[in-house]
Amino acid sequence: MAENTKGVLIVLSGPSGVGKGTVCKELLARNPQVKLSVSATTRAPRPGEVEGISYFFKTKEEFKRMIDAGEFLEYMDVFGMNYYGTPRAYVEEQLALGNDILLEIDVKGAMNVKRIAPEAVLVFIAPPSMETLKARLVGRGTETEEAIARRTAEAAAEMQLLPKYDYMVVNDVLTDAVNEVETILAAERLRVDRCKDLAKFCKEA
């Protein structure tokens with residue numbers, strides 16, 4: 001990335017079982033300039049977790065104050081027990097430093113991010129087919145038949161939001177999927193509107 005280029009906020013989401021977590025893991029391993037966003041949470045730290053690296057640990061009162069102040073790109077209340085969210089300040093700070101920030105979140109969260117940060121690049125990780133997705137869920141061996149039916153129905157509903165995304169990557173062969181996400185990142189880094197010194201270049205021209 002050029003020294004005077006702002007980082008890319010890239011959001012990856014898609015149905016359960018599509019392999020988006022594996023795509024993210026491989027993308028991070030291959031691209032050291034891509035950083036996984038650090039989320040805030042109200043749950044207690046687990047052994048080995050480090051403040052500011054694993055999570056930003058908050059009390060429920062602190063988290064709710066941040067919600068009221070509009071300090072999250074997206075957040076969710078998990079079963080009424082704990083909150084999780086993406087702090088705007090951390091993301092904006094990293095982007096200003098030229099780092100690309102990766103968010104792996106659900107479709108609803110992606111829509112919230114796009115509303116608050118229109119410059120975010122939304123990538124939908126899709127299965128080769130719904131039959132393939134169902135086969136992957138069955139192959140996990142951890143889901144009941146009812147759960148698989150529910151997840152398949154949820155996936156079909158999520159696919160309806162595809163037109164709201166900037167890109168779609170079909171995760172059939174993992175290496176190909178990661179290559180395509182890297183191509184998206186490479187193109188986005190070259191966008192003129194990401195150049196922080198645009199006026200300088202225009203003047204020199």
Side-chain angles (χ1 to χ4, degrees), residues 8-31 34 36-43 46 54-55 67 72-86 91 100-118 120-185 187-188:
V8 178
L9 173 56
I10 183 166
V11 178
L12 265 63
S13 53
S16 176
V18 80
K20 56 186 177 294
T22 306
V23 171
C24 288
K25 183 178 180 180
E26 187 66 17
L27 183 69
L28 290 165
R30 286 168 42 168
N31 298 270
V34 179
L36 188 65
S37 176
V38 179
S39 297
T41 182
T42 57
R43 75 160 173 77
R46 294 170 181 163
S54 307
Y55 286 96
I67 292 174
F72 288 110
L73 288 176
E74 58 84 33
Y75 70 91
M76 62 187 301
D77 180 2
V78 181
F79 304 125
M81 297 176 62
N82 288 301
Y83 286 97
Y84 291 84
T86 302
V91 170
D100 297 327
I101 297 296
L102 173 65
L103 297 183
E104 181 197 343
I105 53 179
D106 64 15
V107 171
K108 183 179 178 181
M111 295 299 102
N112 286 334
V113 171
K114 192 68 171 179
R115 177 176 55 82
I116 296 172
V121 178
L122 269 55
V123 180
F124 192 97
I125 306 298
S129 67
M130 294 303 291
E131 290 76 17
T132 300
L133 180 65
K134 184 175 181 180
R136 288 177 181 175
L137 289 170
V138 171
R140 285 177 171 180
T142 59
E143 306 275 1
T144 64
E145 189 172 325
E146 292 77 11
I148 290 172
R150 184 181 70 253
R151 290 191 184 278
T152 302
E154 289 172 351
E158 290 172 337
M159 295 286 280
Q160 298 306 306
L161 290 173
L162 253 174
K164 295 184 179 293
Y165 279 72
D166 301 300
Y167 301 93
M168 179 181 73
V169 170
V170 176
N171 186 20
D172 189 4
V173 178
L174 175 62
T175 301
D176 291 345
V178 177
N179 287 344
E180 289 180 0
V181 177
E182 288 177 333
T183 298
I184 292 167
L185 269 173
E188 288 290 333

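Residues take their numbers from the sequence shown, with the count starting at 1.
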Would you give the length of the straight line joining atom CG of Leu185 to atom CG of Leu27, rounded to the nearest 0.5 angstrom? 6.0 Å
Can you see which heavy atom on Arg136 is nearest to which on Gly17, and at what distance? CD-O, 3.5 Å
Checking Val169 against Ile184 for the side-chain contact (heavy atoms from CB on, under 4.5 Å) test, could you report, in this order, the C-alpha distance in whole Å, the side-chain angles of both residues, the deciding distance, and whether it holds? CA-CA 10 Å; Val169 170; Ile184 292 167; 3.9 Å; yes
Below 4.5 Å, heavy atoms only, C-beta onward: do Leu122 and Met111 meet side chain to side chain? yes
Looking at side-chain heavy atoms only, is the closest gap between Leu73 and Leu9 below 4.5 Å? yes
Atom CG of Asp100 and atom CD of Glu188: how far apart are they, to the nearest 0.5 Å? 10.0 Å
Between Lys114 (side chain only) and Ala120 (backbone N and O only), is there a donor and an acceptor less than 3.5 Å apart? yes
Please check this pair: side chain of Asn171 against backbone of Val18, looking for a donor-acceptor N/O pair closer than 3.5 Å. yes
Closest non-hydrogen contact found for Pro128 with Thr132 is CD-CG2, 3.9 Å
Kindly say whether Tyr83 contributes a backbone atom to a donor-acceptor pair with the side chain of Thr41 at under 3.5 angstrom? yes
Got a sec, which pairs hit ring pair (Phe, Tyr, Trp, His ring centres under 6.0 Å) with one end in residues 129-157, sequence neighbours left out? none
Drop me the distance from Glu143's CD to Lys134's NZ, to the nearest 0.5 angstrom. 12.5 Å
Taking the side chain as C-beta and beyond, is there a heavy-atom pair between Leu28 and Leu102 under 4.5 Å? yes
What heavy-atom pair brings Pro15 and Leu133 nearest, and what distance separates the two atoms? CB-CD2, 4.0 Å
For Leu137 and Thr152, run side-chain contact (heavy atoms from CB on, under 4.5 Å): C-alpha distance rounded to whole Å, both residues' side-chain angles, the deciding distance at 0.1 Å, then the answer. CA-CA 9 Å; Leu137 289 170; Thr152 302; 4.1 Å; yes
Closest non-hydrogen contact found for Glu182 with Asn31 is OE2-ND2, 2.7 Å
Restricting to side chain to side chain contact (heavy atoms under 4.5 Å, CB included), what partner residues turn up for Arg150, sequence neighbours left out? Ala147, Glu154
Pairwise distance CZ(Arg151) to CD(Glu158) - rounded to 0.5 angstrom: 10.0 Å
Can Glu74 and Ile116 be said to form a side-chain contact (heavy atoms from CB on, under 4.5 Å), step by step? CA-CA 9 Å; Glu74 58 84 33; Ile116 296 172; over 6 Å; no
Interatomic spacing from CG in Leu103 to CG in Leu36 - rounded to 0.5 Å: 8.0 Å
Nearest heavy-atom approach of Val178 to Val23 is CG2-O, 4.1 Å
Ile125 backbone acceptor or donor facing Lys20 side chain under 3.5 Å: no
To the nearest 0.5 Å, how far apart are CZ in Arg140 and CD1 in Ile148? 9.5 Å
Taking atom types as modelled and ignoring hydrogens, do the side chains of Thr42 and Asn82 form a donor-acceptor contact shorter than 3.5 angstrom? yes
Ala110 and Val11 have their tightest heavy-atom pair at CB-CG1, 3.9 Å
Quick note, ring pair (Phe, Tyr, Trp, His ring centres under 6.0 Å) partners involving residues 130-166, not counting sequence neighbours, are Phe124-Tyr165
